[in-house]
There are 2 protein chains.
Amino acid sequence: MLKKRITLKDIARETGVHVSTVSRALDPVERKNITEEVANRIQAAANTLGYRPNRIAAGLRTNRTMTVGVMIPDITNVIFPPILRGIECVLEPFGYASIIVNTDSDAEREERLIDVLRDRGVDGIIHAAVLRSDPAIAKAAQDGLPVVTLNRKVDGSPIPSVVNDEDSGICQMLRHLRSLGHTRIAHIAGPQDLSTGQLRLTAFRRAAEDMNINVADDLIAVAARFDEAEGARCLATLLTTGRPFTAVLCANDRLALGAIEAMRERNIACPEQISVTGFNDMPFLNLIQPKLTTIRIQQFGAGKAAANILLRLLNSDDKAMIPVATVLPVELIVRDSTARTANGA
Amino acid sequence: MLKKRITLKDIARETGVHVSTVSRALDPVERKNITEEVANRIQAAANTLGYRPNRIAAGLRTNRTMTVGVMIPDITNVIFPPILRGIECVLEPFGYASIIVNTDSDAEREERLIDVLRDRGVDGIIHAAVLRSDPAIAKAAQDGLPVVTLNRKVDGSPIPSVVNDEDSGICQMLRHLRSLGHTRIAHIAGPQDLSTGQLRLTAFRRAAEDMNINVADDLIAVAARFDEAEGARCLATLLTTGRPFTAVLCANDRLALGAIEAMRERNIACPEQISVTGFNDMPFLNLIQPKLTTIRIQQFGAGKAAANILLRLLNSDDKAMIPVATVLPVELIVRDSTARTANGA
DNA sequence: TTGAAAGCGCTAACAT
DNA sequence: ATGTTAGCGCTTTCAA
């Protein structure tokens, strides 16, 4: 049987004061309104009895659970653990714990999980699995629940977001490829229902135009998911259309990994025949051959940034001053999957 | 401002019955004691009003939060995400959510986090970061809090554990090395304050003896942590002692990866000059060169198993019938980091 | 400065 | 079958 917990009432009985006095003595803010000596006596009793505040009870009363929900697509995707550590790193010192849930990129499941989190009375949600059109989280935010989206954003929504500079990333990458002599460049785009997929594709088109690189429609393949299988499928599609290319810029690392795998199966050498690039710089990438040229996004940093925004939302420090969008800088990481074109082909 | 939530009281007012009747009608178990028609009316009202149960309030009353704590060393260690999915996979269908915390292998932090979890009224804890001697969690278990340890166990403790068959794993690996002609085999052992480190070292010594392999003390290096840096350090130590070896069996994959890296720096080829083996078969291992020969443990499966034990603990189904130790089978995975010895050296 | 009392939303024992 | 009542442990207004 679970040993009975020490409550304020126990301390009150022990010290001969009223439970509300105990509550005050143990509250760092209220403590100043209590006689020094009494407060000390209460504190001492609390310590010896091994008192631990019951946050459930406090939460019921104050309507704050000091718990936040964190939604991600899938924790086994290595990009997310560092993000979670970033979140924890800022939230924990303030006494917050987080409940992490995996949506598996399933909108129905996501909606259910939002309810799960709300039922548990989370004070706010950090959402790293949001869709461009996401009525479920929009409704939650509408109801007044503090929400921050991470890595992704909801189209035309007032929900604050922390994202990476997709535009600059794609632009830097395209410039890098062109500097190696590539002019026939394909793009494996991400899912278009995600802001990342859509923004990177748009950025690709715009940057290509700026650089006078002609991008035929059949040099663009759109992945249904950000995974290796889709990367492989898209590369196959690009090859079968027949239009030649010497480089393929992928919307993220996993697509790139899948593309390279598909090339390997067809005895197409990377980077000798086709250069391939990624996006994210996920952990372990530098250990996998060929080492992928990619855009490094801030993982830990993005988690911290989102948590900081949420913190401000929670303490509603003049809402109007909270940025609705925070864009984090990215960095080009050149490795071995990109090379100079043999000829101008 | 947070929109006011619909409560039982609201539904009671709406339907003209007492709040306790509403509570019963909405409880799948109690519902049968309510007139069909009334129950339906209540259910309908709950739906239209968008009622969501307040688990905080229920938890305060029932002393069950339907929340469990999960303690791991560090979520960025790729071995843990699959374990977490395994846990989620069995707990979620029963309505449990989990709060995941990272101990960073710091005993003090671990103790604090146990308090954090208890303050939040978790119904139980799955502990994958436990030390062989771990007074903090022992005390929690003593107090009646359901606890299961995962991957690791506490020495001589009644706390149920789910672990891998370390003994068989080490034995299979040693047999594999010997079958390749290796007789001078070193061991990079894990931290001895962890059951995994200790059991694997013990297993190594015993298995070597059984196979008449002589293991001098200076062929054993003990790592302070299960990480790459320690693997590298230990390999350097082994090399400097001067006693020759043709293979090194490492207590886990990260130590092995570190050892291989240290060899690379010294231009020692793996597996041509020295074979190296790991343990765990962590994700991505098959993408890293040289592909590591290792022992595959069940990651997802271990999470599921631990969650199942916890579930039984929570429902105290004849405690005496709950296994105090569950040992999961392991599997030898032969890849490219082990090779036949050139001569009998 | 301290005590009394109410109540957060829910469940459950008891009464009808 | 339903209503009444009490109370989980805490915070917070109001009174003294």
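Chain naming here is simple, since letters A, B, ... match the order of the sequence lines and numbering starts at 1 in each. Note that the structure is a prediction, hence the values are computed from the model and not measured.
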Sidechain-backbone polar pair: [X] side chain, [Y] backbone, donor-acceptor under 3.5 Å:
| X | Y | value |
| --- | --- | --- |
| Thr65(A) | Gly121(A) | yes |
| Arg312(A) | Pro323(A) | no |
| Ser23(A) | Val19(A) | no |

With sequence neighbours excluded, what pairs up with [X] under the side chain to side chain donor-acceptor pair (under 3.5 Å) test?
| X | value |
| --- | --- |
| Lys32(B) | none |
| Lys139(A) | Asp143(A) |
| Asn151(B) | Asn164(B) |

Show me the protein contacts with nucleotides 12-16 of chain D, counting only N or O atoms at under 3.5 Å.
unit_1  : atom_1 : unit_2   : atom_2 : d
dT13(D) : O4     : Arg24(A) : NH2    : 3.0

Partner residues of [X] under the side-chain contact (heavy atoms from CB on, under 4.5 Å) criterion, sequence neighbours left out:
| X | value |
| --- | --- |
| Asn63(A) | none |
| Ser98(B) | Val68(B), Val70(B) |
| Ala140(A) | Ile114(A), Arg118(A), Ile137(A), Leu145(A) |
| Pro81(A) | Ile75(A), Ile75(B), Thr76(B), Pro81(B) |

field: Step-by-step side chain to side chain contact (heavy atoms under 4.5 Å, CB included) determination, Asp10(A) to Tyr51(A)
entry: CA-CA 9 Å; Asp10(A) 296 319; Tyr51(A) 171 76; over 6 Å; no
query: According to the salt bridge (Lys or Arg N to Asp or Glu O under 4.0 Å) rule, which pairs have a member within residues 41-52 of chain B, sequence neighbours left out?
result: Asp115(A)-Arg52(B), Asp119(A)-Arg52(B), Glu37(B)-Arg41(B)
Helical bend (five base pairs per end, nearest 10°) for the helix from dT1(C)-dA16(D) to dT16(C)-dA1(D):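 That helix has its two terminal axes inclined by roughly 40°.
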- request: Determine the contact category for Leu60(A): base if any of its heavy atoms lies under 4.0 Å from a base atom, sugar-phosphate if only primed atoms, P, OP1 or OP2 are that close, otherwise nothing.
  value: base
Find the distance [X]:[atom1] to [N]:[atom2] and express it as a whole number of Å.
| X | N | atom1 | atom2 | answer |
| --- | --- | --- | --- | --- |
| Met66(A) | dC10(D) | CE | C1' | 15 Å |
| Ile11(B) | dG3(D) | CD1 | P | 14 Å |
| Arg31(B) | dA1(D) | CZ | P | 13 Å |

task: Specify the residues of residues 48-57 of chain B, ordered by number, for which at least one heavy atom lies under 4.0 angstrom from an atom of DNA chain D.
output: none
- request: Provide the start and end nucleotides, 5' to 3', of the part of DNA chain C that has atoms under 4.0 Å from heavy atoms of chain A.
  value: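 On DNA chain C, the outermost contacted nucleotides are dT1(C) to dG9(C).
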Qualifying residue, where the test is side chain to side chain contact (heavy atoms under 4.5 Å, CB included) with Ile309(B) and the options are Pro160(B), Ser161(B), Pro146(B): Pro160(B)
